[in-house]
Amino acid sequence: MIFSKFNLLLGTVAALLLAGCGDNALKKARVEAPPATDAILVNQVGYYPDASKVALLRADADNFELIDASTGRCVFGAESGEPLYWELSGDTVRAADFSAFTTPGTYRICLEGRDICSAPFRIGDDVYGEITRGAVRSYYLNRTAIEITEEFGGKWARPAGHPDTAVIVHTSAASAGRPAGTLISSPGGWYDAGDFNKYVVNSSITNYTLLLFYQMFPDYCRSLDLNIPESGNDIPDLVDELLWNLRWYLTMQDPADGGVYHKLTNLAFNAFMMPHQATEPRYVVMKSTAATLDFAAVTAMAYRVFANDPSEELRALAATCLEASDKAMNWAAAHPDVIYRQPDDVSTGAYGDDNLSDELFWAKAETALAHGKAPGEGFIEGVRAVTPTWNQSETLGLISMALSSDDSFAPLREAAASLLVAYADELAVKSEKCPYRISLDWFAWGSTSDVANQAMIKIVAMKITGSDRYLPSLQADLNWLLGTNPTGYCFVTGFGTLSPMYIHHRASGADGVPEPVPGFLVGGPNTVVMNDCQPPVERSIFPAKSYSDVECSYSTNEIAINWNAPLVFLLGAIDSMKP
Ligand SMILES: [Ca+2]
Ligand SMILES: [Ca+2]
Ligand SMILES: [Ca+2]
């Protein structure tokens, strides 16, 4: 029955299937074969039935077969694509395109007639639901100042760490009203990354990305039940989770002058230990223009996103945010070039940035939108759409303007939209030319988040244009993050068949639980720092393959709130498209 269907569809391919599929010994061997991650790369989380579905073969196989993972029965076969060499990974891949096969189930890709098979993966309507919830829930599991209970944290339950209710004003942050040594309260927020500190600049792009997700996908957010302490109240759980960070973030502003402290940290990084065991004094360090502009932008956006929310609590918060934004802009106007410089006695993350023109643009764009006062023509002149990062934020302002429904912004909206669409088209072309089908052609620290942020640009471009021409490229970004990459890893902890076990994350390293805290996106391959482990760990010299699942590799195996945010955006956008 099934073969007659293939005869119609695929002609000669069916003959191939009959040869391999009738062999019972081969069926058994294929069901039992260990995943050949070296030879076959799949999206380990799965594929939608009707989506474009592509795996990559790193083997000299002219044909591939799709088998039922439990019976070994062949269900589909086709020719592999042309071999393509990629200089960034140093390997050659052939596409295994099984888009024409649409039946839900659990399958493996095998080399024709051989027992070399991929890890099992699913085709189904619901493949991305659990991982999306997991990616958002990682923020809950990384909260400061609250006990992670067994009810919500399962085996990652732990005592509360870092209440931050008595934080010392560092000498660098002293002001008339708050001289050095003053104690302030700045509780809540998430641990930034593998460390225990809280940084305004990195929280800013994170907060923005999650706010944007809520703005663009409100109904989907309302449908997400995250099993967190705030589940069941009248605020969407994703927003509740964001509020844990946003309410802390608001306390980083000096109410006397509107300036924003750059960070809240220990003087030095802790060794690996549980959060509640790390009890060194905490400081707010130096107000900076970067932190203050970022803060002005994010609070202005929060105002806009929450101002007409059904929740009274969120509407009230919106007003607080707008006031905070205005005060921050005033401080930044009076202090336009206070570049963060790490004080001599502080050695935690610097998040230093010498170029604030992008932060200024972003803050001006967001505050203009919040106040409904369009800047004059020329505001966008010279601004380019780029892949956003914590220190490169103009694209965030472009996105907000491009999605504005305020007609007084119409000319700016059009200009911003055309920049974003042109950039998304450029990314889509790059992905067509790349053997691994992603748009990334450089591998910076946190390269996985660059892939996810490029996916976010494509999703915004889909929204602007109403065109699904970005979908194949978007799916390739997702595939890359979930296993179709030269390392063979699904880069999200706790998901996929091969995923990071030894992440650079203090609680994961110290909690005695073998599995890392789930739902985190690791930074992924790059060659920016090769000697983070002592003695150095062997890593590929090819940037797209240079990854190591060891705890010391902070340059490839750390996690961070700003990396997870575009992952949530991408996964949530894809999950919201479920059939
Ligand atoms: Ca809720
Ligand atoms: Ca910058
Ligand atoms: Ca652990």
Side-chain angles (χ1 to χ4, degrees), residues 133 136-142 148 152-158 194 200-202 204-205 208 210 214 218 220-244 262 272-275 288-297 309-314 317 332 336-340 350-365 383-384 386-397 493-494 499-520 522 549-551 557 559 562:
R133 285 189 293 278
V136 191
R137 273 179 48 80
S138 73
Y139 287 104
Y140 165 70
L141 296 170
N142 216 26
I148 305 302
F152 304 113
K155 61 181 152 185
W156 296 281
R158 59 169 172 80
V200 165
V201 165
N202 207 41
S204 297
I205 185 168
Y208 173 90
L210 296 175
Y214 181 48
Y220 175 77
C221 287
R222 288 188 188 99
S223 76
L224 263 191
D225 181 346
L226 297 178
N227 187 35
I228 58 175
E230 300 80 10
S231 295
N233 67 6
D234 66 352
I235 292 178
D237 287 0
L238 181 138
V239 177
D240 282 317
E241 195 49 58
L242 169 61
L243 292 183
W244 192 262
H262 198 72
F272 271 56
M273 61 178 71
M274 291 304 285
S288 72
T289 307
T292 306
L293 287 171
D294 280 3
F295 178 99
D309 199 89
S311 157
E312 193 182 331
E313 184 183 337
L314 290 180
L317 182 65
D337 51 8
V338 183
I339 302 293
Y340 180 75
Y351 285 106
D353 183 358
D354 284 352
N355 181 352
L356 304 183
S357 57
D358 51 304
E359 283 77 14
L360 183 62
F361 173 79
W362 180 29
K364 283 184 172 173
V383 175
R384 291 189 327 128
V386 297
T387 304
T389 64
W390 59 265
N391 64 351
Q392 199 66 52
S393 51
E394 64 272 68
T395 306
L396 309 179
T493 56
S499 73
M501 286 298 286
Y502 309 103
I503 58 175
H504 188 88
H505 177 243
R506 278 164 177 70
S508 290
D511 62 6
V513 180
E515 299 84 7
V517 172
F520 283 129
V522 297
D549 180 23
V550 289
E551 189 180 272
N557 215 26
I559 59 89
N562 65 314

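Remember, it's 1-based here, ligands and their atoms both numbered in the order they're listed. What's counted below: heavy atoms across the whole structure, side chains too, no hydrogens, waters or symmetry copies.
Taken from CG in Leu243 to CD in Glu241, the straight-line distance is 9.0 Å, to the nearest 0.5 Å.
The Ca ion (ligand 3) lies at the vertex of an angle of 170° between the O atom of Ser508 and the O atom of Val513 (rounded to 10°).
Residue side and main chain included, Asp353 places an N/O/S atom under 3.0 Å of the Ca ion (ligand 2). Coordination check, Ser393 versus the Ca ion (ligand 2): failed, since every N/O/S atom of the residue sits at 3.0 Å or beyond. Using a cut-off of 3.0 Å, one finds that Asn355 contributes an N/O/S atom close to the Ca ion (ligand 2).
No donor-acceptor pair under 3.5 Å is formed between the side chain of Asn557 and the backbone N or O of Glu551. Judged by distance alone, with hydrogens and angles left aside, the side-chain atoms of Ser138 form no donor-acceptor pair with the main-chain N or O of Phe520 at under 3.5 Å. Side-chain atoms of Tyr208 come within 3.5 Å of backbone atoms of Leu396 as a donor-acceptor pair (strictly under, hydrogens ignored). The backbone N or O of Asn227 sits less than 3.5 Å from a side-chain atom of Arg137, completing a donor-acceptor pair.
When side chains are defined from C-beta on, Asp354 counts as touching Ile339, because their heavy atoms get closer than 4.5 Å.
Of all N, O or S atoms in Asp511, the one lying closest to the Ca ion (ligand 3) is OD1.
Inspection of the Tyr351 and Asp294 side chains reveals no N or O donor paired with an N or O acceptor under 3.5 Å.
Atom CZ of Phe272 is surrounded by more than 12 heavy atoms from other residues, nucleotides or ligands within 6.0 Å.
Note on the Ca ion (ligand 1): protein N, O or S atoms under 3.0 Å away count 5, no waters included.
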